[in-house]
Amino acid sequence: MSVKSAINKEVFIPHDEKMLVAAQVKRRTKKKIPFLATGGQGDYMTFICISVTNKKPSCVSITKVKQFQGSSAFAKRSQWTIDQLRQVNGIDSNKDCPEFDLMFENAFDQWVACSAGEKCTFIQILHHTCQRYSSAQKPDFVNCQSKLLGGNSILHSAADSVTSAVQKASQALNERGERLGRAEERTADMMNSAEQFSVTAQKLAMKHKC
């Protein structure tokens with residue numbers, strides 16, 4: 001089981017929630033250092049997670065989850081509702097980068113994700129979730145690449161991939177069916193030819209006997 005699947009199972013499912021996405025992050029410092037999942041004594045991994053309740057009306061939360069070194073358990077720390085989110089800063093709208101900021105009505109966090117791709121996925125799903133679930137004023141997304149704000153493109157891409165796979169499978173089945181149909185026709189023609197040959201051979205045999 002992956003770490004993120006374990007977070008969903010341990011932290012969110014028991015509260016009748018499902019996790020939509022999680023990004024592994026570390027706080028930004030003035031001196032840039034390589035991203036390390038674990039370090040010295042007392043170190044921990046931090047995840048920023050987006051979850052939604054299964055019960056209606058849906059409630060979306062942004063939760064900080066930590067896993068301390070030497071422990072397999074996850075600890076829920078700070079949590080905000082999506083309506084408390086005021087701004088998402090993607091830092092650079094011209095290129096992929098792992099840094100991003102989250103500003104809430106009572107908190108401000110500066111993060112660096114473990115990869116630019118993980119940050120992009122997180123922001124894209126966060127944007128779509130805000131568009132769908134925010135009941136109050138939607139947060140501002142600034143310095144974010146346009147590809148991240150074009151709607152639910154990740155899920156659309158997944159849906160398109162599934163649709164494409166289904167279409168290809170259907171086409172393959174149709175082509176196979178056509179081939180089988182042609183094979184059946186050829187088999188029927190061969191059987192008819194064999195029967196005609198057999199009848200002709202019997203007639204010739206009877207004629208020679210006479």
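Position 1 is the first residue of the sequence; numbering continues from there.
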Are the side chain of [X] and the backbone N or O of [Y] linked by a donor-acceptor pair below 3.5 Å?
| X | Y | result |
| --- | --- | --- |
| H128 | Q124 | no |
| D140 | V142 | no |
| K119 | G90 | yes |
| N8 | M19 | yes |
| E118 | F122 | no |
| S51 | E17 | no |

Minimum heavy-atom distance between [X] and [Y], given as atom pair plus value:
| X | Y | result |
| --- | --- | --- |
| S78 | W80 | CB-CH2, 3.4 Å |
| S134 | D83 | CA-OD1, 3.6 Å |
| W111 | R28 | O-NH1, 2.9 Å |
| D92 | C97 | CB-SG, 4.0 Å |
| C130 | L85 | SG-CD2, 4.2 Å |

Side chains of [X] and [Y]: closer than 4.5 Å at any heavy-atom pair?
| X | Y | answer |
| --- | --- | --- |
| C114 | P98 | no |
| L20 | L126 | no |
| I123 | C144 | yes |
| I62 | Q79 | no |
| V3 | F47 | yes |
| K55 | D16 | yes |
| C49 | I7 | yes |
| R132 | T129 | no |

Rounded to the nearest 0.5 Å, how far apart are [atom1] of [X] and [atom2] of [Y]?
| X | Y | atom1 | atom2 | answer |
| --- | --- | --- | --- | --- |
| R86 | Q84 | CZ | CD | 7.5 Å |
| K64 | L102 | NZ | CG | 9.5 Å |
| Q67 | Q24 | CD | CD | 9.0 Å |
| F12 | T53 | CZ | OG1 | 12.0 Å |
| H15 | N54 | NE2 | CG | 13.0 Å |
| N89 | F108 | CG | CZ | 7.0 Å |

Flag yes if [X] and [Y] sit in one hydrophobic cluster, no otherwise; membership is Ile, Leu, Val, Met, Phe, Trp, Tyr, and two members link when side-chain heavy atoms are under 4.5 Å apart.
| X | Y | answer |
| --- | --- | --- |
| I48 | Y133 | yes |
| V52 | I125 | yes |
| I91 | F104 | no |
| V60 | M103 | no |

>> Would K66 pass as a cation-pi partner of Y44, given that its NZ or CZ must be under 6.0 Å from the six-membered ring centre and within 45 degrees of the axis?
In response: yes
>> Check this for me: does any side-chain nitrogen of one of K76 and E10 sit under 4.0 Å from a carboxylate oxygen of the other?
In response: no
> How far apart are the C-alpha atoms of F68 and D43, what are their side-chain angles, what is the distance that settles it, and do they pass the side-chain contact (heavy atoms from CB on, under 4.5 Å) test?
Replying inline: CA-CA 6 Å; F68 290 89; D43 202 1; over 6 Å; no
> Are side-chain N/O atoms of D96 and Q145 paired as donor and acceptor at under 3.5 Å?
Replying inline: yes
> Parallel, tilted or perpendicular: which describes the rings of H127 and F141, with under 30° parallel and over 60° perpendicular?
Replying inline: perpendicular
